A.B. asks: 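This is the structure, below, for whatever I ask next.
This chain uses plain numbering: 1 for the first residue, then up along the sequence. Here the structure is a predicted model, which is why all the values come from computation and not from measurement.
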Amino acid sequence: MAITDDVLVIGGGIAACTAALSAAETGARVRLLAHKKSTLRQASGLVDVLGYAGGDGPLSDPYAGLDALPEGHPYHIVGEDGVRAGLRIFDEAVGDAYRGGHTDSNALVMTHGGAVKPTARYPESVAPGLASTSGDMLLVGLAGLTDFDAPVAADHLTAAGVPFSARGVTVEFPKRFRADAKVTRFAKALDRDEDVDGGTVRSVLADTVAEELDGESRVGFPAMLGDDHDEEVRAELSDRLGVPVFEVPTGPPSLLGLKLEDMLFDALDEAGVRISAGNPAVDFEADDGRVETVVVDQKSRPTPYSADQVVLATGGLVGKGLDSDRESVTEPVFGCHVPHPEDRYDWSEPEAFGDHAFARFGVVPDDELRPTDEDGEPHFENLRAAGGVVGGADVAREKSASGVSLATGAVAGRLAGEEATR
């Protein structure tokens, strides 16, 4: 017998979580099928809506750039209301842990490489380090933690023309780890305030950095200032240094991304969404133009899940929601149509940062976000798509990945929930 719900969401990332939360708001009984850990742990933890469009940018107002996006972009399907709906769901899920919800404007946030990028939502721990605010900055890198080269980042910030002085130093972390220690090991040491020669990890780190301060009014560390007790860690370091302390978003494994994933799954639990994790969707059964069941491989045992409505939010090429080989690009769960040039050499441009066709690969949704076939007709009446599996957006160039996921997730989930509860 199939496990039955009103809405079944396939995926585990920000689009899938948003779709499930949106569907739950309609009163539908919702289940999330998450195969593996999402790409959030590889991401910065920042939520970009739209930073560049039509050759313009960085955009101070992401909504002002919507009309400049090309035809077929997901934002044109969901509209500004869809973007705002996605951000509302996100804001309610993360609460005070994120900033930016008070304004329609983008903030300018520095990356771990020292670049400045426009983003709509950012962790509270990042806020004191905004590049759009004044205050000379000391960036602190840690020997052995190769994700963040503070002197290089400071030089890049200065070259970008920020309205303050930026300087970077590299110091020894008070506790020695092996060369390949994960960022979470540093965070846990600060959480527990472990004993080291000369005091505790927090006190010795603060004393070390204090010797480097030369009039700067804020200090930035790579995003590793605690996990379970991060607010306490930052508050103590700020108190000992006498200036605000902030975190710089880093690459994978991203502690900020991991924290965001935890917050979203906590919100799913609170909303009553049922979560089935760890097993892939491998097949489906359909009848009369509708998906009837989705088959999940549970340790080589096929297990059917049934729902009135289904949302596909498995990600794009990076998240393996799309498969590719030398000949074609496919959507592996339902076999939905993914348009792409026949010649693989047309999938990309010679320039590394060119206008690559592969960046926009994905299913083609109709006005209700239902994936369509080559003739423009929905594959299935009750299947919708959200997030990276939807084509038409070059999210890396636009700085729009999270925004597209939130907006399409919010609209796909709402439509699915409303249809299932009629």
A.B. asks: Check whether any side-chain heavy atom of Lys320 lies under 4.5 Å from a side-chain heavy atom of Thr314, and answer yes or no.
C.D. replies: no
A.B. asks: Taking atom types as modelled, find out whether Asp48 and Thr119 have a side-chain donor-acceptor pair closer than 3.5 angstrom.
C.D. replies: yes
A.B. asks: If I compare all heavy atoms of Ala131 with all of Val162, which pair ends up nearest, and what's the gap?
C.D. replies: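 Minimum heavy-atom separation between Ala131 and Val162: CB-CG1, 4.3 Å.
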A.B. asks: Going by side chain to side chain contact (heavy atoms under 4.5 Å, CB included), Phe221 matches just one of Leu205, Leu145, Leu139, Leu138. Which one?
C.D. replies: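 Looking at Leu205, Leu145, Leu139, Leu138, the match for Phe221 under the side chain to side chain contact (heavy atoms under 4.5 Å, CB included) is Leu205.
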A.B. asks: Which value, rounded to the nearest 0.5 Å, describes the distance between Asp323 atom CG and Glu331 atom CD?
C.D. replies: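 Answer for the CG-CD pair, Asp323 versus Glu331, is 8.5 Å.
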A.B. asks: Can you find a pair of side-chain heavy atoms, one from Lys259 and one from Asp227, that are under 4.5 Å apart?
C.D. replies: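 Touching, per the 4.5 Å side-chain cut-off.
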A.B. asks: So, Phe173 versus Phe186, ring centres under 6.0 angstrom or not?
C.D. replies: yes
A.B. asks: Does some side-chain heavy atom of Ser60 sit less than 4.5 Å from a side-chain heavy atom of Asn106?
C.D. replies: no
A.B. asks: What I'd like to find out is whether the side chain of Tyr305 reaches to under 4.5 Å of the side chain of Leu33, using heavy atoms alone.
C.D. replies: yes
A.B. asks: Side-chain contact, heavy-atom cut-off 4.5 Å: Leu317 with Ser324?
C.D. replies: yes
A.B. asks: Report yes or no: do Glu377 and Thr372 form a side-chain donor-acceptor pair below 3.5 Å?
C.D. replies: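 Glu377 vs Thr372: no donor-acceptor pair found between side chains.
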A.B. asks: May I ask you to test the Val291-Val294 pair for a side-chain heavy-atom distance under 4.5 Å?
C.D. replies: yes
A.B. asks: Do any side-chain atoms of residues 9-24 form donor-acceptor pairs under 3.5 angstrom with protein atoms, and if so which ones, sequence neighbours left out?
C.D. replies:
| unit_1 | atom_1 | unit_2 | atom_2 | d |
| --- | --- | --- | --- | --- |
| Thr18 | OG1 | Ile14 | O | 2.6 |
| Ser22 | OG | Ala410 | O | 2.6 |
| Ser22 | OG | Arg414 | N | 3.2 |

A.B. asks: Do His379 and Arg370 have side-chain heavy atoms sitting under 4.5 Å apart?
C.D. replies: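 The answer is no; the side chains never approach within 4.5 Å.
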A.B. asks: Identify all side-chain donor-acceptor contacts of residues 342-351 below 3.5 Å with residues at least two apart in sequence or on another chain.
C.D. replies:
| unit_1 | atom_1 | unit_2 | atom_2 | d |
| --- | --- | --- | --- | --- |
| Asp343 | OD1 | Tyr345 | N | 2.9 |
| Arg344 | NH1 | Asp325 | O | 2.6 |
| Trp347 | NE1 | Pro341 | O | 2.8 |

A.B. asks: Is Arg31 salt-bridged to Asp5, cutoff N-O under 4.0 Å?
C.D. replies: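 A salt bridge is present here (some side-chain N lies under 4.0 Å from a carboxylate O).
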A.B. asks: Say whether, by atom type as modelled, one donor and one acceptor occur between the side chain of Thr103 and the main chain of Gly100 under 3.5 angstrom.
C.D. replies: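 It does not hold such a pair.
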A.B. asks: Using the six-membered ring of Phe164, assess whether NZ or CZ of Arg218 lies under 6.0 Å from its centre and within 45 degrees of the ring axis.
C.D. replies: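 Cation-pi check for Arg218 and Phe164: passes.
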A.B. asks: Indicate yes or no: at least one non-hydrogen side-chain atom of Pro371 is less than 4.5 angstrom from one of Phe380.
C.D. replies: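 Sidechains of Phe380 and Pro371: no contact.
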A.B. asks: Nearest heavy-atom pair of Val233 and Leu190: which atoms, and what distance?
C.D. replies: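 Residues Val233 and Leu190, closest heavy atoms: CG2-O, 3.6 Å.
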A.B. asks: Does the gap between the ring centers of Phe90 and Tyr98 come in under 6.0 Å?
C.D. replies: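 That pair passes the under 6.0 Å test.
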